[in-house]
Number of protein chains: 2
Amino acid sequence: MELKHQATVTLAEVADAAGVGESTVSRVLRNHGSFSGKTRDRVMAAVERLGYVPNRIAGTLASTASRLVAFVIPSLSNIVFPDVLRGASAVLEENRYQAVFSVTDYDPTKEEALAAAMLAWRPAAVMLAGYEHTEGTVKMLRASGCRIVEMLDVDGDALDLAVGFSNGAAGRESAAFLLKRGYRRMGYVGHDLTRDTRAGKRFAGFCETLATGGAPLADREILAGASSVENGRLGLERLLARTPDLDAVYFSNDDMALGGYFHCLARGIPIPGQLAIFGYNGLDIGRATPQPLSTIRTPRVATGQVAAQLVVTNAPPQVVDLGFELIEGATA
Amino acid sequence: MELKHQATVTLAEVADAAGVGESTVSRVLRNHGSFSGKTRDRVMAAVERLGYVPNRIAGTLASTASRLVAFVIPSLSNIVFPDVLRGASAVLEENRYQAVFSVTDYDPTKEEALAAAMLAWRPAAVMLAGYEHTEGTVKMLRASGCRIVEMLDVDGDALDLAVGFSNGAAGRESAAFLLKRGYRRMGYVGHDLTRDTRAGKRFAGFCETLATGGAPLADREILAGASSVENGRLGLERLLARTPDLDAVYFSNDDMALGGYFHCLARGIPIPGQLAIFGYNGLDIGRATPQPLSTIRTPRVATGQVAAQLVVTNAPPQVVDLGFELIEGATA
DNA sequence: ATGAAAGCGCTAACAC
DNA sequence: GTGTTAGCGCTTTCAT
């Protein structure tokens, strides 16, 4: 059986081959409108025979109804975002939407440029992380008329849709937990907070509750660059060198916390006897370490799922707080 | 200043506002063809004033030259694929290409369906993992006329372009290293190999060299489902319960190996004195553990970068072997 | 240097 | 139930 390996087959050719009109082919293919069973069979046979693949570029242009969903995310190194994409793409695929993405490296200016590039594809929705966008981004997004979903945070004013959880509350709850456990001299190890504003909100919440509880933060070590296990390890080493008598350390996320945990293992520092460790994210790996990591588990995959669901159902503007779960673990 | 918040501005409206023809606006915007500086200024002013965002759907249809690149990847949970995407998206963004993706869950049938859906967007290229595709996928891809890039493996017959490294060689080299270190009674802990065929190739290469070296694989534990730290831990526990006298264990990847490592830490099994551990991938976390993980580092980000580069430069069909690097570490 | 006009491949009225 | 036709918003000859 020969296939056309060259020029692409068009709907018009299928129509000719099936001996029907173009719109009939279109109806059959989209299973929309009415047509007889016999016609459908003739069309499908022609489609099969010619190896026809519909052109959604043309279809989208003609219908002015896009099924592209644009993700403008800060990073792909931090597992948080692949998790969100994973949740979203499952829902989108089921609904015949297509995911498009680009990566901002936590740079709001780059976010603006990439959002602009995305809008040129006339997506049904633009999915972003958090609320901190440039004025230009906001203006552009608003003017575009497409749905906007701000993910992974609910502490702010949503442009349209928002799905996630409160980072401030996560920080406060972490602090409350450590206070309740009796820790009084606490430190913080984090990564670049000016870029990762959600980590900044957690830190602010953490400090706030600590201060209220009468045990203000004793010391902090903030490393330049992205979060990583190595940076967590290095950060804890530096922090302890400066302030050796800390009894607990809060990390900007689980990657960082694991680094701290490894540092303690390597140095023989008893956990949590001498030093408690608390993270954020609830990564699976934290459950398999010799001592399960004390942390807060965030619904990352669910955030993506719900975000996608809201878009495909064209839900009214709203903020969905998915909450989070504190995992006691064994390191605090 | 008022902006049009409603109907989208078209190129024709910009042309009117600037008092020039549509084609002139098009030339200016794409900086292609000739036009006077004065005309350019007039056009740009109109673009600015109206808040015009070009419609790439229409542009792509008109030019029949797509700048979409489609990724059909097995998973987003396994950090390998986000890494590849990260490398690729950086290069694509620089070249004004747009990345589109969908996730197959390691299912070739789903891969076929998703590839078909992708082709409907008329991408410039389709990027896949490995060589194992259904007949239908291959036929469809070939007929599409777009570039095809098979990533993360070079052991097979490339459809068009291929970028990666040899999984078979990685398995063999791992075995050779362990043999050279003097281990003679080795086991394997892996995840579902029928789905992750690249892991299967590593395992096959590993066994081959072990047999040749006169120390055939002593035992294996293969877990259903995806790789994970928890599965690695569980797998090693089971393996040792059955065959306690192993002196080294090869894992299907670093996630699994870390699970094994944690198991040993928890049980107080001396590493590598009593048991050596060897992984695959060279994840950053493996360098921050109390003992650096012995593993093979793979160029995942580079794979994405090179794959994208080949596509944007429209390189001739070829296979690019990026190689890998054995990391001695301290666990073997 | 610039404009007019003919598509790109499809969808969506609107007739029949 | 089915065909005809007019766009969707651009790019691209081809004149001028």
Side-chain angles (χ1 to χ4, degrees), chain A residues 4 7-44 46-47 50-68 96 117 119-124 144-145, chain B residues 4 7-44 46-47 50-68 96 98 119-124 144-145:
Chain A
K4 303 194 69 154
T8 65
V9 183
T10 68
L11 182 142
E13 300 179 61
V14 174
D16 276 0
V20 300
E22 293 187 38
S23 50
T24 300
V25 178
S26 178
R27 286 187 203 103
V28 171
L29 256 28
R30 285 174 303 131
N31 193 29
H32 179 276
S34 51
F35 44 83
S36 70
K38 195 166 56 185
T39 303
R40 189 197 51 234
D41 295 344
R42 288 240 303 285
V43 169
M44 293 315 279
V47 164
L50 300 177
Y52 172 67
V53 178
N55 184 331
R56 289 189 84 174
I57 297 281
T60 301
L61 181 61
S63 69
T64 62
S66 167
R67 278 182 174 262
L68 284 176
R96 306 190 345 104
L119 287 178
W121 291 100
R122 297 294 188 270
S144 75
Chain B
K4 304 191 69 154
T8 65
V9 184
T10 68
L11 183 141
E13 299 179 63
V14 174
D16 276 359
V20 300
E22 293 186 37
S23 48
T24 300
V25 176
S26 178
R27 285 186 204 103
V28 170
L29 255 28
R30 285 174 303 128
N31 192 30
H32 179 278
S34 51
F35 44 82
S36 71
K38 196 166 55 183
T39 302
R40 189 196 52 233
D41 295 344
R42 288 238 302 283
V43 169
M44 293 316 279
V47 164
L50 300 177
Y52 172 66
V53 177
N55 184 331
R56 289 189 83 173
I57 297 279
T60 301
L61 180 61
S63 68
T64 62
S66 167
R67 278 182 174 262
L68 284 176
R96 308 191 346 107
Q98 186 60 65
L119 288 178
W121 290 101
R122 297 294 187 269
S144 75

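Letters go in sequence order (proteins before strands), and every chain restarts at 1. The structure displayed is predicted, hence computed values, not measured ones.
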For [X] and [N], give me the distance from atom [atom1] to atom [atom2], rounded to whole Å.
X      : N      : atom1 : atom2 : result
B:R56  : C:dC8  : CZ    : P     : 21 Å
A:W121 : D:dG9  : CH2   : C1'   : 13 Å
A:L119 : D:dG9  : CG    : P     : 16 Å
B:R122 : C:dG9  : CZ    : P     : 8 Å
A:K38  : D:dT2  : NZ    : C1'   : 13 Å
A:R40  : D:dG1  : CZ    : P     : 13 Å
B:L11  : D:dC10 : CG    : P     : 5 Å
B:R30  : D:dC10 : CZ    : C1'   : 9 Å

[N], OP1 or OP2 - any side-chain N/O from [X] closer than 4.0 Å?
X     : N      : answer
B:S36 : C:dT2  : yes
A:T39 : D:dT2  : yes
A:S34 : D:dG1  : yes
B:T24 : C:dG3  : yes
A:S23 : C:dA13 : no
B:T10 : D:dG9  : no

Revision key, fill the gap. Overall bend of the helix from C:dA1-D:dT16 to C:dC16-D:dG1 (five pairs an end, 10° steps) is 30°
Exercise for review: Decide whether A:S26 and A:R30 meet the rule of one side-chain donor and one side-chain acceptor closer than 3.5 Å.
Suggested key: yes
Review point. Hey, does A:G37 reach any base, or is it just sugar-phosphate, or nothing, if we go heavy atoms under 4.0 Å?
Key: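 If one applies the 4.0 Å heavy-atom cut-off, A:G37 turns out to touch nothing in the nucleic acid.
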The side chain of [X] is closest to which nucleotide in this list: [options]?
X     : options               : value
A:A58 : C:dC10, D:dC10, D:dT2 : C:dC10
A:S26 : D:dG3, C:dT11, C:dT2  : C:dT11
A:E22 : C:dC10, D:dG3, C:dG3  : C:dC10

Practice item. Go through the N and O atoms of the side chain of A:R27 and the base of D:dG3, and report whether any donor-acceptor pair is under 3.5 Å. Key: yes
If every non-hydrogen atom of [X] is compared with every non-hydrogen atom of [Y], which pair is closest and at what distance?
X     : Y     : result
B:R67 : B:R96 : CD-O, 3.5 Å
A:R27 : A:F35 : O-CE2, 3.6 Å
B:A18 : B:A46 : CB-CB, 3.9 Å

Exercise for review: Could you check B:V20 against A:S63 and say which one's nearest nucleotide on DNA chain C is further toward the 5' end?
Suggested key: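 With B:V20 and A:S63 compared, the 5'-side residue is B:V20.
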